[in-house]
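Here is how names work: the chains are called A, B, and so on, in the same order as the sequence lines, proteins then strands, and each is numbered from 1.
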Amino acid sequence: MTHRATAESRSSRPDSPFPTVTDTDIHRVRQTIITWFEIAARPLPWRDADTSAWAVLVSEIMSQQTPVSRVEPRWREWLQKWPTPADLAQAPTAEVLHSWDRLGYPRRALRLQEAARVIAEELDGRVPRTAQELERLPGIGAYTAAAVASFAHGERTTVLDTNVRRVLIRLFAGRDRPSASPGRAETGWASQFVPETDHEKWNAGIMEFGALVCTARNPRCQSCPLNDICAWQKAGRPASAEKPKTQKWAGTDRQLRGAIMDVLKSAHAETTSDFPDSVALDLFTASTTTIDSDLLDAVGHATSESLTKMRDLTADSDRILRIIDGLVVDGLAAQHEERLSLPQ
DNA sequence: AACGCGGGGTG
DNA sequence: CACCCAGCGTT
């Protein structure tokens, strides 16, 4: 008795990370979000009833850290070119990367093809139904596994993306934004909101609500249907003390790697036929992974010494030498070196 | 838990 | 320019 009371009072303190939520509020939020979703949802193509599980999986991979508005055209082209896992499994990797275009994090494209090969060759071409099975595939973590199980197969899962986390934390913990990454405690806490029926509408709806109403920067609190129970609203919408750390871009390896990708993709577009088996493919692939430090170092410090190193790396490809020379001529390499050698 | 990983849109 | 976006894998 005493123990139980202590635990409850502790978990329901306002500053608790994941406060106790009353059944009344749980039902109110479920009903409100599902009703709102049926009216306000964006007509995203992968939500169509005839979308295959594979197509849903592709949409989720493409949407990782990428706004859905940029995903939609790429998704359409991708599924037209490779409608099934077997199609993507057989595609030249260089073409896969080229079709990824500028969606960012091109390693996702490589892992999507790896996943396609596992599905095509080991799973009889069928996308796994459960989150547990899905999470074994390359490039699929907790979020994507739960999302594909729910949206492609109607499994009851707890989908916890950046939107869901922000909405629930604001509503019930009164904080501006969630922690850097979700833990088991948060996932368990969030699972209580997922209803027994209509769980797919809840999962999609709460995500959509975070994307359209309870947004990160300028939330539409005036038109929010949950305004009256929102703990963050009641607390005066306090801003988080912690500033999120922003990645550098200009002057870093990432900028140079992007430049290399651009040049290699142009080369690929010109000569699709001879590209896949060339050294260019190796570099093209390598430049999307973390094993390219030698390459970047060589280009980034475009001295005669590093060019020698580069020529060793690309000994049998005149094409790549011309690409590297082009980078040097464009001044990208020199610019990069200049920034790297700034005094600490 | 903390990093590194693209690229672009937005305030 | 800083922040943010349907995260994942590694350390």
Side-chain angles (χ1 to χ4, degrees), chain A residues 37 41-42 44-47 55-75 97 100-112 114-115 131 134-152 157-167 176-187 190 200 202-212 214-219 239-240 242-262 264-265 286-293 296:
Chain A
F37 180 64
R42 293 168 292 182
L44 300 178
W46 44 85
R47 290 191 188 135
V56 171
L57 192 158
V58 172
S59 80
E60 293 299 341
I61 299 291
M62 287 184 171
S63 299
Q64 292 167 358
Q65 296 290 283
T66 304
V68 295
S69 55
R70 284 211 289 142
V71 166
E72 188 169 334
R74 295 288 143 254
W75 179 83
L97 286 165
W100 192 256
D101 196 37
R102 306 181 68 78
L103 282 178
Y105 292 145
R107 57 173 59 178
R108 289 183 293 162
L110 299 178
R111 289 182 180 147
L112 181 55
E114 292 169 20
L134 282 159
E135 207 166 341
R136 293 196 205 111
L137 295 172
I140 296 188
Y143 160 74
T144 306
V148 172
S150 177
F151 303 144
T157 61
T158 302
V159 175
L160 207 58
D161 78 327
T162 185
N163 290 304
V164 179
R165 299 184 66 216
R166 182 178 57 249
V167 173
D176 181 19
R177 51 169 174 255
S179 61
S181 61
R184 293 198 177 258
E186 185 174 352
T187 305
E200 187 178 347
W202 163 261
N203 282 329
I206 191 71
M207 283 174 67
E208 191 81 337
F209 191 77
L212 298 183
C214 196
T215 55
R217 266 188 286 189
N218 292 112
S240 301
E242 302 288 324
K243 289 285 183 184
K245 51 190 64 174
T246 303
Q247 295 173 338
K248 298 294 183 189
W249 171 248
T252 67
D253 283 359
R254 312 182 83 197
Q255 182 189 30
L256 185 60
R257 194 153 40 226
I260 292 171
M261 288 288 288
D262 276 349
L264 292 175
K265 277 188 276 198
S287 69
T288 71
T289 69
T290 53
I291 64 172
D292 57 341
S293 56
L296 288 171

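A/R47 places no side-chain N or O within donor-acceptor distance of the main-chain N or O of A/A204, the cut-off being under 3.5 Å.
Scored by the side chain to side chain donor-acceptor pair (under 3.5 Å) test, A/S179 finds A/R165 as partners (sequence neighbours excluded). The salt bridge (Lys or Arg N to Asp or Glu O under 4.0 Å) test applied to A/R177 returns no partner, not counting sequence neighbours. Residues satisfying the side chain to side chain donor-acceptor pair (under 3.5 Å) criterion with A/Q65, sequence neighbours excluded, are absent altogether. With sequence neighbours left out, A/E200 forms a salt bridge (Lys or Arg N to Asp or Glu O under 4.0 Å) with no residue at all.
Distances were taken from every side-chain heavy atom of A/T246 (C-beta onward) to each of C/dA2, B/dG6, C/dA6; the shortest belongs to C/dA2. Relative to the side chain of A/K243, the nucleotides B/dG6, C/dC8, C/dC3 differ in distance, and C/dC3 lies closest. Of the candidates B/dG6, C/dA6, C/dC8, the closest approach to any side-chain atom of A/D161 belongs to C/dA6. Ranking C/dC4, C/dA6, B/dG7 by closeness to the A/N163 side chain, first place goes to C/dA6. The side chain of A/R111 lies closest to C/dG9, out of C/dA6, C/dC4, C/dG9. Ranking C/dA6, B/dC3, C/dG7 by closeness to the A/A211 side chain, first place goes to C/dA6.
If you measure from atom CG of A/L134 to atom P of C/dG9, you get 12 Å, rounded to the nearest angstrom. To the nearest angstrom, P of B/dA2 lies 10 Å from CD of A/E242. In this entry the distance linking CD of A/Q65 with P of B/dG4 reads 15 Å, nearest Å. A/E72 has its CD atom 14 Å from the C1' atom of C/dA6, to the nearest Å. We find that CG of A/L97 is positioned 11 Å from P of B/dG6, with the value rounded to whole Å. In this structure, A/E208 atom CD and C/dC5 atom C1' are separated by 14 Å, rounded to whole Å. Note: CE (A/M207) to P (C/dA6) measures 8 Å, nearest angstrom. As a whole-Å value, the separation of A/L103 CG from C/dA6 P is 13 Å.
Looking at heavy-atom distances under 4.0 Å, A/A142 makes contact with sugar-phosphate atoms alone, never a base. Among the atoms of the strands shown, base atoms are found under 4.0 Å from some heavy atom of A/L44. A/R165 comes within contact range of no nucleotide atom at all, as no heavy-atom separation falls under 4.0 Å. Across all strands shown, A/A147 has no heavy atoms under 4.0 Å from either base or sugar-phosphate atoms. If you check every strand for non-hydrogen atoms under 4.0 Å, A/I61 touches nothing. Among the protein residues, A/T144 comes within range of the sugar-phosphate backbone only, with heavy atoms under 4.0 Å from sugar or phosphate atoms but none that close to a base. Among the protein residues, A/G104 comes within range of the nucleic acid bases, having at least one heavy atom under 4.0 Å from a base atom.
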Point to revise | salt bridge (charged side-chain N to carboxylate O under 4.0 Å, His left out) assessment of A/E72 paired with A/R42 | key: CA-CA 12 Å; A/E72 188 169 334; A/R42 293 168 292 182; over 6 Å; no
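At C/dG7, none of the side-chain N or O atoms of A/R107 fall inside 4.0 Å of OP1 or OP2 (strictly under the cut-off).
Summary of the strand contacts: A/Q64 and A/S181 both lie near DNA chain B, and taking for each the nucleotide with the nearest heavy atom, the more 5' one is attributed to A/S181. For A/F151 and A/K245, each mapped to the nucleotide of DNA chain C holding its nearest heavy atom, the one lying further toward the 5' end belongs to A/K245.
Side-chain contact between A/N163 and A/F209 is absent, with no heavy-atom pair separated by less than 4.5 Å.
The same atom, P, is picked in B/dC3 and in C/dA6; the two are 24 Å apart, to the nearest Å.
Partner of A/S63 under the side chain to side chain contact (heavy atoms under 4.5 Å, CB included) criterion, out of A/D161, A/L44, A/V68: A/V68 alone.
Side-chain atoms of A/S63 stay outside donor-acceptor range of the base of C/dG7, with no qualifying N/O pair under 3.5 Å.
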Output a table of nitrogen or oxygen pairs between the protein and nucleotides 9-11 of chain B separated by less than 3.5 Å.
{"from": "B/dG9", "atom 1": "N2", "to": "A/R217", "atom 2": "NH2", "distance (Å)": "2.9"}

For residues 135-149 of chain A, which side-chain donor-acceptor pairs fall under 3.5 Å, sequence neighbours excluded?
{"from": "A/Y143", "atom 1": "OH", "to": "A/E60", "atom 2": "OE1", "distance (Å)": "2.7"}
{"from": "A/T144", "atom 1": "OG1", "to": "A/Q64", "atom 2": "NE2", "distance (Å)": "2.9"}

